[in-house]
There are 4 protein chains.
Amino acid sequence: MTPGSPGRASRRRAPHLAVCSRSMASKTPVGFIGLGNMGNPMAKNLMKHGYPLIIYDVFPDACKEFQDAGEQVVSCPADVAEKADRIITMLPTSINAIEAYSGANGILKKVKKGSLLIDSSTIDPAVSKELAKEVEKMGAVFMDAPVSGGVGAARSRNLTFMVGGVEDEFAAAQELLGCMGSNVVYCGAVGTGQAAKICNNMLLAISMIGTAEAMNLGIRLGLDPKLLAKILNMSSGRCWSSDTYNPVPGVMDGVPSANNYQGGFGATLMAKDLGLAQDSATNTKSPILLGSLAHQIYRMMCAKGYSKKDFSSVFQFLREEETF
Amino acid sequence: MTPGSPGRASRRRAPHLAVCSRSMASKTPVGFIGLGNMGNPMAKNLMKHGYPLIIYDVFPDACKEFQDAGEQVVSCPADVAEKADRIITMLPTSINAIEAYSGANGILKKVKKGSLLIDSSTIDPAVSKELAKEVEKMGAVFMDAPVSGGVGAARSRNLTFMVGGVEDEFAAAQELLGCMGSNVVYCGAVGTGQAAKICNNMLLAISMIGTAEAMNLGIRLGLDPKLLAKILNMSSGRCWSSDTYNPVPGVMDGVPSANNYQGGFGATLMAKDLGLAQDSATNTKSPILLGSLAHQIYRMMCAKGYSKKDFSSVFQFLREEETF
Amino acid sequence: MTPGSPGRASRRRAPHLAVCSRSMASKTPVGFIGLGNMGNPMAKNLMKHGYPLIIYDVFPDACKEFQDAGEQVVSCPADVAEKADRIITMLPTSINAIEAYSGANGILKKVKKGSLLIDSSTIDPAVSKELAKEVEKMGAVFMDAPVSGGVGAARSRNLTFMVGGVEDEFAAAQELLGCMGSNVVYCGAVGTGQAAKICNNMLLAISMIGTAEAMNLGIRLGLDPKLLAKILNMSSGRCWSSDTYNPVPGVMDGVPSANNYQGGFGATLMAKDLGLAQDSATNTKSPILLGSLAHQIYRMMCAKGYSKKDFSSVFQFLREEETF
Amino acid sequence: MTPGSPGRASRRRAPHLAVCSRSMASKTPVGFIGLGNMGNPMAKNLMKHGYPLIIYDVFPDACKEFQDAGEQVVSCPADVAEKADRIITMLPTSINAIEAYSGANGILKKVKKGSLLIDSSTIDPAVSKELAKEVEKMGAVFMDAPVSGGVGAARSRNLTFMVGGVEDEFAAAQELLGCMGSNVVYCGAVGTGQAAKICNNMLLAISMIGTAEAMNLGIRLGLDPKLLAKILNMSSGRCWSSDTYNPVPGVMDGVPSANNYQGGFGATLMAKDLGLAQDSATNTKSPILLGSLAHQIYRMMCAKGYSKKDFSSVFQFLREEETF
């Protein structure tokens, strides 16, 4: 289940020819910071491709498995930067990313000139740009490369990466990201990887809630849910949420709505991404009327016991009947 | 361009075998009430299929063309009902439909037992149910069969009809509707044709505004519009509004956004359909948070000069830059 | 507790001098249709002022108490109209009002010329206008006079009536309404009584939700609720919901928030009034962005167990914490 | 005209007795950073009370007037901190405040132990807390003290200050702030000054839009605007926006709606404050459904030519009629 994941058509480009010291020997160590639910399987896929790792996580326990497998664990991001000139960061929030880069023992304290720093965290694009500036001052390169796809996709190497940064460095990033995902899409300047992810997930949230509202209204007006879904899907109401991930139990198999909204993409994560969309919209003075309201709806769902359910459970949230 | 039009998969059923007086001789006259922009080409398609027509419109001028072609024009809906036992009504609002059926000279004054009355107006499903009850009391049959597709589709016989009513009568309705459209979909009991149309168009409005917001935000965050559309379309944000009818000028050819939002499906019509969705939701106590807000947005657009532009012009409405 | 109740400044006008047959003997019988929670105490206050009553309710049990007290109970609205030339109706919905006036045994079947028909139900102003037209055709007079104030205010004769109709008849209406309420406000043509009530309650709902959001946000940002209420109340955020009916427990005494949101004005009733506002706005093409959203919020509250709580419980609805 | 301004009841406390070096001689120099539209008259009021000033602004021209008057102008915030142990900052955005405090030549580079730093900018309370932490590390004291009231109130010493910070230092802050405003309200810990202002202005925006919607709907339903305002103001819909600052032209004198929405509190400033409310709500996971939508509405108004009009012009924005 991979909300937000661009499909088949990844961008395949000719390999980048400019030889730079860092990529000459492609199996030099790669740094990896953030070994959580997502970072863990991603790092393992790098290992499977033969890259020695330099590992750091604020929770030492998260590193143990890698240490046992013979990888090198260090005690702070700065030490990762001292030992590796290509580093992947995979962190939960903007604040964690800032700390890992600019903190007292952050990457920037010891980063080598020419290093390639790829941040796969989903954070505010304005923060990505800020980090890129600081990295550039040190003579290194920063790219934002948020993923779409969940833990399952991370394990099966099916993630999609949306990459922002200098185009000349895209091939170098692709070499590593291609070991962890099946699609690596170049989006433009630094921050546009984040932007693409945020815009997609905002539209996803809106069309999911819209699908839930339309299905619920139709059912109350006497339509059979399967028939209504069929009509929508051959009409102009068609969307991914109606034809691939329908939120109404009984309409489709193999989706969270068929399994009591277990698994999938949690309402909390959707609320977080909508918070980023909100911040970006406020910063750029872009009106997002439905996006804002979608954000508030997921916010409320999180407060009413839906935080761990798949985000398609908004149908369940809306359908409850009035009682008198 | 046919917002709301279910595609290829129309419902093909075995012809209805029960012989009833009305359909014995299939080319007996058919009544047609409401010869406006849509009714005019629809009635002409019935003529082309060899059906003699009994015509009525509140504006006598609308009938002239048919009179010249040899069809019979009468002076009120009741007179139509006296001369035809199959009648199509195609009227702009609930109030017009109520007048045509229950008014002082309405159909019900002279309707014959066993008549088939098909209302193709887009109106409140609660009104359709009300009319059906009154028709039934007179021993006749009522079906709601709103269309999707615009004037062009009406001319080229490409309309889709979403039909609500007794299933046993569907084949009889299909015989006539099939002369005017390429898809005739059975939706369930009376009112469900309206319900299906309303639900589809509400979801369409929501995903169109969502697409406009996401595209606008992405552009302000530095993404190329064509690239962003491509990413959305291979991802979970994909919808009819993003992949078939993209609202951003320059992204697609042959859609209203490529032609200054001329043609297509006007913002006023979308506002009207959202008003019906709102009414239905209020009546059934169904929460439609995004649907309500979408309604208000089209309402405002109509007040700000967008009433005659295609409904995808919401992108233009949102994109205007703040000036200081 | 009387949401919606205009205070002291009722409109005091000189008594209407034109002598018409109906008011000559002021203590001729008055008809009363609808003896529910509100109608019951209202009718009793008329009795206390010495008016003999002609009573009807669809539920015969509702009439028993009045029959025992010697009032005359009849078997349909038409019979009320036969025996009384001044009639008060107090019914729960538009549909009930239409039935009582225009139904098979409705008032209009036997209404006498010159009768004064006062509808105190809260219904769609468009329905009030429709009824007024039909009443006028029969040579009688219709006024809409919805109340604000609840059951307590009805008992203590503290209701406010907002009256729409021909100004010349206002004094005649005031004679009766003044027996049941302390404020009788003339609002303009037929339907404006409903309009005033609907507009007030919509603004009330909006400012109540706004107060709940602002108080909740302030508390989460570290402000003491009492201090925040005090600051708002001396500032431009001040409103009836913040200074007279504060929704946060512990801020004020003697309001529903101090008593677990018992009593007061139920969320269901607010949802109903917002539904009427929505209908009126759709009919008049008036944008009500916040009003629509407020409607949806109360709709959801009703579905989530808040239907019988006071409408200020929206604070409780919003404040629930996200859990992970 | 002072949206957001707490009135009469300022908090009067006994003077703070603890003698600290900084306040011994009360007329030691005070630093002032940010001499814009608001800062200029505020600084002049400090001068009138006999305080020598140490001045800095990024635009040297803004300082000229003070230099000519004999005040000392320095070349960076650090130099202000070197020469004054009480400093007021009055800056337009969070970014400017961060720069003034933590920038390369910021206050923190040369701040003396025990200094009192008062920030009167309206910024994100989370930023205020961050600055407070850094200031505290240097052994100095930080308070947030945003104002309500506009340029006129600044000139006439009628501002209201909402103050957050250590309570023991409030009296010291009050000594200076009382020279520039008539109300100085203690709100609690650092950041609560900002919180109070943001919450008030969010509620103000919501009730203003609600008033505009209710007035507009009522007018379209046939009510006289003055009568409707009167009814609301004696009812539960009453709020500051309806009774003190009514947005409908012709209802009140001496308010922006009586003067083509000139003067007052610009829509741009309201949009900015709602952006801060949005950020704070996202950070604290507080649902603000109406607050978010109000933000988006002011955002749109700014894009449609209302940026410099008073924020009550939302009535004009909504009232435009649909044309066909």
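Below, each value reflects all heavy atoms present in this structure, side chains not excepted, and no hydrogens, waters or symmetry copies. Chain letters run A, B, ... following the sequence lines, proteins first and then strands; every chain starts at 1.
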Any chance you could measure Met208(D), atom CE, to Ser236(C), atom OG, to the nearest 0.5 Å?
-> 9.0 Å
Flag the one option from Ile198(C), Leu290(C), Asp224(C) with the top tally of heavy-atom pairs under 4.5 Å to chain D.
-> Leu290(C)
Considering only heavy atoms, which portion of Ala189(D) lies under 4.5 Å from any heavy atom of chain C: side chain, backbone, both, or neither?
-> neither
Once you round to the nearest 0.5 Å, how far does CG of Leu223(C) lie from CD of Gln194(D)?
-> 11.0 Å
Rounded to the nearest 0.5 angstrom, the CD-CG distance for Gln278(C) and Leu217(D) is 10.0 Å
Leu228(D) versus chain C, heavy atoms under 4.5 Å apart: side chain, backbone, both or neither?
-> side chain
Listed partners of Tyr261(D) passing ring-ring contact (aromatic ring centres under 6.0 Å, His included), at least two apart = none
Looking at Gly191(D), Ala126(D), Ser242(D), Pro287(D), which has the largest count of heavy-atom pairs under 4.5 Å with chain C?
-> Pro287(D)
Contact part of Asn283(C) toward chain D, heavy-atom cut-off under 4.5 Å: side chain, backbone, both or neither?
-> neither
Looking at Ser280(D), Ser241(D), Ala205(D), Ala294(D), which one has more heavy-atom pairs under 4.5 Å with chain C than the rest?
-> Ser280(D)
Across all chains, not counting sequence neighbours, the side chain to side chain contact (heavy atoms under 4.5 Å, CB included) partners of Ile219(D) are Pro225(D), Val248(D), Phe315(D)
Identify which of Cys199(D), Ala212(D), Ala277(D), Cys239(D) forms the greatest number of heavy-atom pairs closer than 4.5 Å to chain C.
-> Cys199(D)
Enter the distance from Thr192(C):OG1 to Leu221(D):CG here, rounded to the nearest 0.5 Å.
-> 9.5 Å
Indicate the atoms forming the closest heavy-atom contact of Ser286(C) with Arg220(D), along with that distance.
-> OG-CD, 3.1 Å
Structural part of Ala281(C) lying under 4.5 Å from a heavy atom of chain D = both
Does the side chain of Arg238(D) pick up a donor-acceptor pair with the side chain of Thr244(C) at under 3.5 Å?
-> yes
Looking only at heavy atoms, what is the nearest atom pair of Gly237(D) and Leu203(C), with distance?
-> O-CD2, 3.2 Å
Bottom line for Asp243(D): the part with an atom under 4.5 Å from chain C's heavy atoms is side chain
dist Ile288(D):CD1 -> Glu213(C):CD (nearest 0.5 Å) comes out at 6.5 Å
In short, Ile206(D) meets Gly210(C) closest at the heavy-atom pair CD1-CA, 3.8 Å
Reported CD1-to-OG distance for the pair Ile209(D) and Ser207(C), which is rounded to 0.5 angstrom | 13.0 Å
Closest non-hydrogen atoms of Leu289(D) and Leu293(C), given as atom of the first, atom of the second and distance, are O-CD2, 3.7 Å
Go through Gly222(D), Pro125(D), Gly218(D), Cys187(D) and name the one with the most non-hydrogen pairs under 4.5 angstrom from chain C.
-> Cys187(D)
